[in-house]
Amino acid sequence: FEFLIWNFVWVGIIFISVRPTSIDDYFSENYNIDIFYIITILSIISLLIFSYFNMLKIKILEKKIDTIIRAESLKDLIDKIKDR
């Protein structure tokens, strides 16, 4: 799924790079909006989305690391109690 999304994004970037006037003409005629404005808004939205997903992944990894650390410390504590 991620591979398809990245391919779609790169094809869109390549199309905009090769044919920028067609995109400008379409948005200026139909919506009376500058393409630079649209690209800026889409960039900000994509940065917010990527930041949110990164935060979620970091929180999940933190929880996993905490559980591993707790399990190891409990195992060490049990081993010390058994040795006495």
Side-chain angles (χ1 to χ4, degrees):
F1 181 70
E2 291 176 8
F3 180 71
L4 291 175
I5 289 175
W6 278 113
N7 280 337
F8 180 71
V9 167
W10 280 109
V11 166
I13 289 171
I14 290 170
F15 178 75
I16 289 173
S17 298
V18 173
R19 312 263 312 172
T21 56
S22 63
I23 302 296
D24 278 340
D25 293 342
Y26 174 76
F27 280 107
S28 64
E29 289 175 5
N30 294 331
Y31 301 107
N32 199 17
I33 298 174
D34 188 24
I35 190 67
F36 182 73
Y37 179 71
I38 294 171
I39 291 174
T40 304
I41 291 175
L42 290 176
S43 300
I44 291 171
I45 290 171
S46 63
L47 283 174
L48 288 174
I49 290 170
F50 289 139
S51 298
Y52 178 72
F53 283 130
N54 282 335
M55 184 191 69
L56 286 179
K57 292 284 187 179
I58 288 170
K59 291 294 180 185
I60 291 170
L61 286 174
E62 283 179 353
K63 287 181 182 181
K64 287 181 181 179
I65 290 171
D66 285 342
T67 56
I68 290 171
I69 290 172
R70 286 180 185 164
E72 286 293 321
S73 64
L74 285 175
K75 187 177 11 171
D76 289 343
L77 183 64
I78 291 172
D79 288 342
K80 285 181 183 179
I81 291 173
K82 285 182 182 178
D83 288 340
R84 286 185 180 186

I13: partners by side chain to side chain contact (heavy atoms under 4.5 Å, CB included), with sequence neighbours left out
V9, W10, S17
Can you name the side chain to side chain contact (heavy atoms under 4.5 Å, CB included) partners of L56, sequence neighbours left out?
Y52, F53
Exercise answer: donor-acceptor pairs, residues 63-74 side-chain atoms, under 3.5 Å, sequence neighbours excluded:
residue : atom : partner : partner atom : Å
T67     : OG1  : K63     : O            : 3.3
T67     : OG1  : K64     : O            : 2.7
S73     : OG   : I69     : O            : 3.2
S73     : OG   : R70     : O            : 2.9

What pairs of donor and acceptor atoms, side-chain ones from residues 40-49 against any protein atom, are under 3.5 angstrom apart with sequence neighbours left out?
residue : atom : partner : partner atom : Å
T40     : OG1  : F36     : O            : 2.7
S43     : OG   : I39     : O            : 2.7
S46     : OG   : L42     : O            : 3.1
S46     : OG   : S43     : O            : 2.8

Run through the side-chain heavy atoms of Ile, Leu, Val, Met, Phe, Trp and Tyr, join any pair under 4.5 Å, and report what else lands in I81's cluster.
L77
All salt bridge (Lys or Arg N to Asp or Glu O under 4.0 Å) counterparts of K82, not counting sequence neighbours
none
